[in-house]
Amino acid sequence: MRRARPVIGIAALAFAACALGADVIAPNANLKADGIPPIPAALAARVAPYTEFKPSTAVSWHPTRRELVVARRAGNTTQLHRVAAAGGPLEQLTDFQEPVRFGAWWPKAPDVLVFARDSGGNEQQQLYRLDPGNGTPTLLTDAARKNEPAGITHARDRLLVESTDVDRSGRRENPTIDLALVDPLHPQNARRIATLPGTGWGDYSFSFDDQRVAMIEFKSVNESYVWVLDVATGARRRVLPAEGVVPKQPIASADLQFARDGKGLYLATDRDGEFRRLAYLDLANGALSYFGAGGDWDVESIALAPDGRTLAVISNEAGIGVLRLYDADTRKALPRPAMPVGNVGRLVWHENSRDLAVSVNSAQSPSDVHVVDVRDNVVTRWTETQVPGLDARAFRGAAPIKWISFDARTIGGFVTHPPPKFTGKRPVIVSIHGGPEGQARPGFMGRWNYFIDQMGVAVIQPNVRGSTGHGKTFVALDNGMNREDSVRDIGALLDWIRAQPDLDADRVLVEGGSYGGYMVLGVSTLYANRIAGAIDVVGIANFVSFLENTESYRRDLRRAEYGDERDPAMRAYLTRISPANNADRIKAPLFVVHGRNDPRVPYTEAELIVAAARKNGVPVWYLLADNEGHGYARKANVDFLFYAMIEFIDVRLLH
């Protein structure tokens, strides 16, 4: 058990700074900082270079010119920028208080920008048109609903828009999705083509004649269905598994792409194995033909060139995104592009079907955009992120680790060690991913490099049972009444840490967001005496209240994972394991972070655990942002959170 230590370090310096009248960092007007001690302004100056990373991601190409739209932070939020040539300057296209991450020049009016954004992190996305010379965008969608851009016709004259109602009370059952074709130049002529039951629809792909749309009906990470919709009539037909066919076990498929001749679909599916493999589905007879490289990994992204002749595929190989190209007609592999070291993502084809933009990141590089010339097999870097005052080449890379859990199952993850200048056993942060259908993957650590390089803390990112990337059996191991088994995987990790000669098992802090936030709270209740502190970001504190209050368009998808709270036995189980109902077991100090506009995990979950922990005498820091949702997107808020995390880590692990 960790002995209590006096509160010194940065916190003590902050109090001293206040007493002396020195400058401190005040939270901005949108932040409620409750129980967080004053932070000296000197801290902000010291860590400033670690707050200036500006990763760039590929968003879209100009319809006629060879220039890109990329997303990158500008000031306080992510905005869209034009890049006219490789290595050229970024010209800002949008400038709003809200982040803008999707946008494209409209093909029928190439000087008109169509983009999407929400408000205050509420995820109630709307589509807008920004005309040349006009700084005020035109709203294209019903502001009372949630709207998502879902695709574009091959004629490049209509957007497919997916819409659903929101209720902010979480009480509505049997929600639906509407699909509509929208001309951004004449939004009043939008035409609804279908109303679909449930809200788990996606991965839309138009046939080349625009008469059909292929789409996925998502039930859970292990169960999804492939449908084809007639655009004129709205009639739909299930094609995988075929209507009337009941598979022996659920099938998960994704990333649909209509073949050029309309006779079949390219997709990723796990119908015949543990992992999603690249396949072609013949729509006439339902036959599946597998092709391409295979292994113990999932195909995670597929994009067909506009001319239908080249297929770009990203596979998740031990957490690394790997790009491969195929001839769509012969399904034979094309020469592999010589990509830089790192994770490849975000496939974006130019209309010329020759230029393929991707985003690449690594431990030593934030995300930057590279372009593959698929004809000449040449890769060119289009953006390059530089951070004044830091040498990113010196950032530490992650190494894979494995340990044995309570049931003799092997669990894995990654550890990033601090540099050799830090001697002795090092304190540890265990950072648990969300989802739970997510995966810790090696890549750029961003601000966390400060914890590693300047504070000497080792960071472990586990992939507990329920994580993706390890096969469909593994991802289902935490479902329903097996929920706490994933927390026990962290208990086994704590045993592993104690066995390591260079790690200090008496100085371990757990951190996680969303489902990872639940995991943090679960560890705080089950292994209270084995951790020094816990940081819960937008986490679930009570599964029953979470399921009852999450936005209605999400509830059924979450019930498939966590269990149906309407079932008495499941409700009793969820009530029993919920951290808010076990707060009397929590011993380690908590840092709870949330956004007031979170539609996924309502901020009331944070209020629950803060009140319950404080009632039992546990020290709690609480940070609530009025203008954020499921995670923080504004630099001003992220910066203050970063400063507070440094202080919390300093007090709990280093002194």
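For reference, positions follow the sequence shown, starting with 1.
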Are any of the side-chain heavy atoms of Ile490 and Val464 separated by less than 4.5 Å?
-> yes
Keeping the roles fixed (side chain from Thr550, backbone from Leu547), state whether a donor-acceptor pair exists under 3.5 Å.
-> no
Tyr562 ring center within less than 6.0 Å of Phe546 ring center = yes
Sequence neighbours left out, what passes side-chain contact (heavy atoms from CB on, under 4.5 Å) with Gln364? Give chain and number order.
-> Ser362
Are Asp118 and Gln124 linked by a side-chain donor-acceptor pair shorter than 3.5 Å?
-> no
Decide whether Asn316 and Gln439 meet the rule of one side-chain donor and one side-chain acceptor closer than 3.5 Å.
-> yes
Asp536 side-chain N/O to Leu590 backbone N/O, donor-acceptor pair under 3.5 Å = no
Kindly indicate, with the supporting measurements, whether the criterion salt bridge (charged side-chain N to carboxylate O under 4.0 Å, His left out) is fulfilled by Arg634 and Glu98.
-> CA-CA 8 Å; Arg634 289 161 173 76; Glu98 304 295 341; 2.4 Å; yes
How about Gln97: does its CD atom have over 12 heavy atoms from other parts shown lying under 6.0 Å from it?
-> no
Trace of the salt bridge (charged side-chain N to carboxylate O under 4.0 Å, His left out) decision for Arg652 with Glu511 = CA-CA 13 Å; Arg652 301 313 309 163; Glu511 181 276 344; over 6 Å; no
Between atom OG1 of Thr138 and atom CZ of Arg129, what is the distance when rounded to the nearest 0.5 Å?
-> 4.0 Å
What class does the angle between the rings of Tyr515 and Tyr518 fall in, given that below 30° is parallel, 30 to 60° is tilted and above 60° is perpendicular?
-> tilted
Heavy-atom donor-acceptor pair, Ser578 side chain to Phe543 backbone, under 3.5 Å | yes
Is a side-chain donor-acceptor pair under 3.5 Å present for Thr385 with Asp368?
-> yes
Take Arg554 and Glu561 through the salt bridge (charged side-chain N to carboxylate O under 4.0 Å, His left out) test and state the conclusion after the steps.
-> CA-CA 11 Å; Arg554 292 183 50 82; Glu561 172 67 36; over 6 Å; no
Non-hydrogen side-chain atoms of Leu127 and Val182 separated by less than 4.5 Å | no
Quick one: ring pair (Phe, Tyr, Trp, His ring centres under 6.0 Å) partners of Trp106, sequence neighbours excluded?
-> none
Heavy-atom side-chain proximity of Asn449 to Phe444 below 4.5 angstrom = yes
N/O donor-acceptor pair under 3.5 Å between Asn343 side chain and Pro442 backbone | yes
Between Phe451 and Tyr50, does the ring centre distance come in under 6.0 Å?
-> no
Side-chain donor-acceptor contact under 3.5 Å, Asn28 with Asn637 = yes
Expected output: side-chain Glu551 to main-chain Asp167 donor-acceptor under 3.5 Å | yes
Run through Phe96, Phe115, Phe102 and flag the one making a ring pair (Phe, Tyr, Trp, His ring centres under 6.0 Å) with Tyr128.
-> Phe115
Just by distance, do the side chain of Asp203 and the backbone of Ala254 share a donor-acceptor pair under 3.5 Å?
-> no
Arg596/Asp626 ion pair, N-O < 4.0 Å = yes
If we ignore angles and hydrogens, is there a donor and acceptor under 3.5 Å between the side chains of Glu162 and Thr164?
-> no
Which is it for Arg558 and Glu565 under the salt bridge (charged side-chain N to carboxylate O under 4.0 Å, His left out) test, yes or no, and what are the steps along the way?
-> CA-CA 10 Å; Arg558 295 299 81 203; Glu565 83 287 359; over 6 Å; no
For Pro589 against Val618, the heavy-atom pair lying closest together = CA-CG1, 4.1 Å
Picking from Val348, Val358, Val70, Val83, what satisfies side-chain contact (heavy atoms from CB on, under 4.5 Å) with Val369?
-> Val70
Would you give the length of the straight line joining atom OG1 of Thr94 to atom CZ of Arg101, rounded to the nearest 0.5 angstrom?
-> 11.0 Å
Arg72 side chain vs Pro55 backbone, donor-acceptor pair below 3.5 Å | no
Does atom NZ of Lys635 have more than 12 heavy-atom neighbours from other groups under 6.0 Å away?
-> yes
Under 3.5 Å, side chain of Asn581 to main-chain N/O of Ile577, donor-acceptor pair present?
-> no
Examine distances only and state if a side-chain atom of His433 and a backbone atom of Ser467 form a donor-acceptor pair shorter than 3.5 Å.
-> no
Can you tell if the side chain of Pro49 reaches within under 4.5 Å of the side chain of Tyr450, non-hydrogen atoms only?
-> no
Inter-residue atom distance His594.NE2 - Tyr622.OH, 0.5 Å rounding | 7.5 Å
Go through the side-chain N and O atoms of Ser545 and Glu605 and say whether any donor and acceptor fall under 3.5 Å apart.
-> yes
Taking Arg117 for the side chain and Val100 for the main chain, is one N or O donor matched with an acceptor at less than 3.5 Å?
-> no
Answer yes if the side chains of Thr468 and Glu437 hold a donor-acceptor pair under 3.5 Å, and no otherwise.
-> no
